[in-house]
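Atoms within a ligand are numbered from 1 in the order they appear, just like the ligands themselves.
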Amino acid sequence: MLNQSVFQTELKKSVLSKVCAHRGFIIAANWKMNLSEREAADYFTQLNKLKAAEKDRVILFVPSPFLYLARGLLTAGGVAYGVQNLFFENAGAFTGEISPAMAKVYGCGYAIVGHSERRNLFGETDEMISKKVRACLANGISPMLCIGENAEERKENRYRERLGRQLEKALGGLSDGLDKITVAYEPVWAIGTGMNATAAQAAETHAFIREKLTALLGEAGAKVPILYGGSVKDSNILDFVPLRDVSGFLIGGYSLKAENMAKIIRLLGGGPV
Ligand code: PGA
């Protein structure tokens with residue numbers, strides 16, 4: 001016999017997976033600078049055995065040297081891939097950079113833009129991020145714009161100003177390709193720390209982001225998917241699923257194992273091919 005708490009968890013999962021299957025979520029993995037060539041190939045092969053729920057979309061943000069593997073090995077419908085960063089020019093003397101056109105060569109449909117690690121460790125400014133968003137759109141790549149406040153800004157209740165400013169600088173004045181934009185809200189204090197935002201914090205912050213997007217982009221802003229990221233895993237993802245303005249997830253550490261991604265895909269209503 002199932003004990004009461006297992007039964008409750010199973011019930012919650014089954015109800016929520018119906019909600020998910022109905023709404024459609026973006027399930028994005030950010031591998032960062034991880035995995036070997038062999039591990040990447042195995043990962044793609046394992047994901048090919050799974051099918052996300054009808055309206056869900058899986059996006060793998062892999063290290064650029066593995067894009068050729070993604071192109072060659074990913075056969076699962078509904079699994080897309082992209083780069084974790086790119087530059088805003090298409091050619092020139094920019095040592096070490098990858099252009100949107102080069103990302104396209106490998107079939108990338110997506111690019112993460114403005115991840116907090118790029119902002120904080122590599123000095124990316126709001127101005128550069130704005131240029132990158134525009135370069136993506138000009139080259140037919142869907143930008144996933146990351147925004148997020150740090151611990152101090154959260155503690156001192158200044159996070160709305162920070163998020164509002166990041167959105168304005170990156171997206172203000174855009175009028176074309178708005179349906180290609182995705183925003184990922186990733187509180188910096190929750191990235192890689194095991195400390196996720198609470199459902200209440202996410203609900204309130206995503207609603208604020210939605211309001212801001214609508215103010216900036218009009219009707220199109222009401223449709224921009226807003227993902228939550230920051231220590232997402234199987235044990236907390238279902239807390240965010242019912243929230244109206246959460247349209248999916250950007251998952252770092254937990255996504256490094258294909259079996260974990262498989263768990264997430266199944267929790268959100270997908271299953272074997
Ligand atoms: P995390 O990373 O899931 O390991 O917190 C998320 C991200 O940085 O995109």
Polar contact flag, side-chain donor to acceptor under 3.5 angstrom, His115-Glu124: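 No - no donor-acceptor pair under 3.5 Å links their side chains.
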task: State, without any angle test, whether Thr182 and Arg57 hold a side-chain donor-acceptor pair at a distance under 3.5 Å.
output: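 On atom types as modelled, these side chains do not qualify, holding no pair under 3.5 Å.
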- prompt: Mind checking whether Tyr254 and Trp31 have ring centres under 6.0 Å apart?
  reply: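 Ring centres of Trp31 and Tyr254 not closer than 6.0 Å.
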- request: Kindly state each residue pair satisfying ring-ring contact (aromatic ring centres under 6.0 Å, His included) with at least one member in residues 163-194, sequence neighbours excluded.
  value: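 For residues 163-194, and leaving out neighbouring residues, the ring-ring contact (aromatic ring centres under 6.0 Å, His included) pairs sorted by first residue read Tyr185-His206.
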- prompt: With Asn236, which residues qualify under side-chain hydrogen bond (donor to acceptor under 3.5 Å, both in side chains), at least two apart?
  reply: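 Testing Asn236 for side-chain hydrogen bond (donor to acceptor under 3.5 Å, both in side chains), a comparison that skips the adjacent residues, returns Asn196.
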task: Check each protein residue for a heavy atom under 4.0 Å from ligand 1 and list those that pass, ordered by chain and number.
output: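 Residues near ligand 1: Asn30, Lys32, His115, Glu186, Ala190, Ile191, Gly192, Gly230, Ser231, Leu250, Ile251, Gly252, Gly253.
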- prompt: With sequence neighbours left out, what residues match Glu204 under salt bridge (charged side-chain N to carboxylate O under 4.0 Å, His left out)?
  reply: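 With sequence neighbours excluded, Glu204 shows a salt bridge (charged side-chain N to carboxylate O under 4.0 Å, His left out) to Arg160, given in chain and number order.
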